[in-house]
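Note that these values count all heavy atoms, side chains included, but never hydrogens, waters or copies made by symmetry.
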Amino acid sequence: MSSSRQTRNQKLILEVLQHQSQPLSAQEIFLELRNANHTVGLATVYRVLDALRNEGKLQSVNLGDPQTYYQVLPSNGHNRHHLICTQCRQVIPLPGCPVGDLESQLSGQYQFVIEYHVLDFYGTCAQCRGEGGPESGSQGSALLQAKPK
């Protein structure tokens with residue numbers, strides 16, 4: 001992770017993402033900034049997102065469409081893992097890394113330094129299947145809802 005000083009635009013974009021409970025696309029971030037009367041161009045938003053991701057401050061999330069969505073990495077610097085509904089695009093963050101032991105095993109077995117991994121599961125949530133059972137209601141505050149395009 002880079003220790004370089006953050007630019008004004010980096011601070012603005014990180015602030016937008018930190019105040020969201022869902023991953024946002026570059027266009028959504030651009031609109032949030034514009035609605036808050038900040039003059040940042042869309043091309044600048046893309047450049048800053050790329051720089052922040054390369055510095056290990058952001059994670060990109062694929063919701064199954066052509067856009068890339070972004071969220072702030074947790075303070076431990078490890079990517080978050082998700083369950084993503086392919087119908088309503090609901091994003092359910094997993095509380096931890098379910099493959100941490102496997103990563104350590106592979107690293108040792110193959111003498112390979114793993115820098116990061118990506119793990120998201122795609123499927124259909126209980127609500128989209130018409131099974132709005134008790135487990136879906138108990139996770140209401142943990143759900144992230146990505147805006148469909």
Quick one: CG on Leu12 to CD on Gln6, what's the gap to the nearest 0.5 Å?
-> 10.0 Å
Compute whether any side-chain donor of one residue and acceptor of the other, for Tyr69 and Gln59, lie under 3.5 angstrom apart.
-> no
Shortest non-hydrogen contact between Ser25 and Gln67, atoms and distance = CB-OE1, 3.0 Å
Answer whether the closest heavy-atom distance between the side chains of Leu14 and Val16 falls below 4.5 Å.
-> no
With Thr86 via side chain to side chain contact (heavy atoms under 4.5 Å, CB included) - residues at least two apart = Tyr122, Thr124
Which atom pairs, one a donor and one an acceptor, fall under 3.5 Å between side chains of residues 33-45 and the rest of the protein, sequence neighbours left out?
{"residue": "Asn35", "atom": "ND2", "partner": "Leu31", "partner atom": "O", "Å": "3.2"}
{"residue": "Thr44", "atom": "OG1", "partner": "Arg47", "partner atom": "NH2", "Å": "3.1"}

Compare every heavy atom of Pro23 with every heavy atom of Glu28, then report the nearest pair and how far apart it is.
-> OE1-O, 4.2 Å
Closest non-hydrogen atoms of Ala26 and Leu49, given as atom of the first, atom of the second and distance, are CB-CD1, 3.6 Å
For Ser107, side chain to side chain donor-acceptor pair (under 3.5 Å) partners two or more places apart = none
Could you list the residues that satisfy side chain to side chain donor-acceptor pair (under 3.5 Å) with Asn62, not counting sequence neighbours?
-> none
Is the backbone N or O of Gly100 less than 3.5 Å from a side-chain atom of Glu103, with the two atoms forming a donor-acceptor pair by type?
-> no
To the nearest 0.5 Å, what is the distance between CG (Asp120) and CD1 (Ile84)?
-> 4.0 Å
Are Glu55 and Gln10 close enough that some pair of their side-chain heavy atoms sits under 4.5 Å apart?
-> yes
Sub-4.5 Å side-chain heavy-atom contact between Gln71 and Val61 = yes
Student check: side-chain heavy atoms of Glu32 and His19 closer than 4.5 Å | no
Which residues pass the side chain to side chain contact (heavy atoms under 4.5 Å, CB included) test with Leu94, sequence neighbours left out?
-> His81, Leu83, Pro98, Phe121
Residues forming a side chain to side chain contact (heavy atoms under 4.5 Å, CB included) with Ser60, sequence neighbours excluded | Arg53, Thr68, Tyr70
Listed partners of Val99 passing side chain to side chain contact (heavy atoms under 4.5 Å, CB included), at least two apart = Cys97, Leu102, His117, Leu119
What closest approach, in Å, do Gln90 and Cys125 show between heavy atoms, and which atom pair accounts for it?
-> OE1-CB, 3.5 Å
Side chain of Gln20, backbone of Leu17: donor and acceptor closer than 3.5 Å?
-> no
Find the distance between CD (Gln27) and CG (Leu24) and round it off to the nearest 0.5 Å.
-> 11.0 Å
Please check if the side chain of Asp50 supplies one atom and the backbone of Tyr46 the other of a donor-acceptor pair under 3.5 Å.
-> no
What is the minimum heavy-atom distance between Cys88 and Cys85, and which atoms define it?
-> N-SG, 3.5 Å
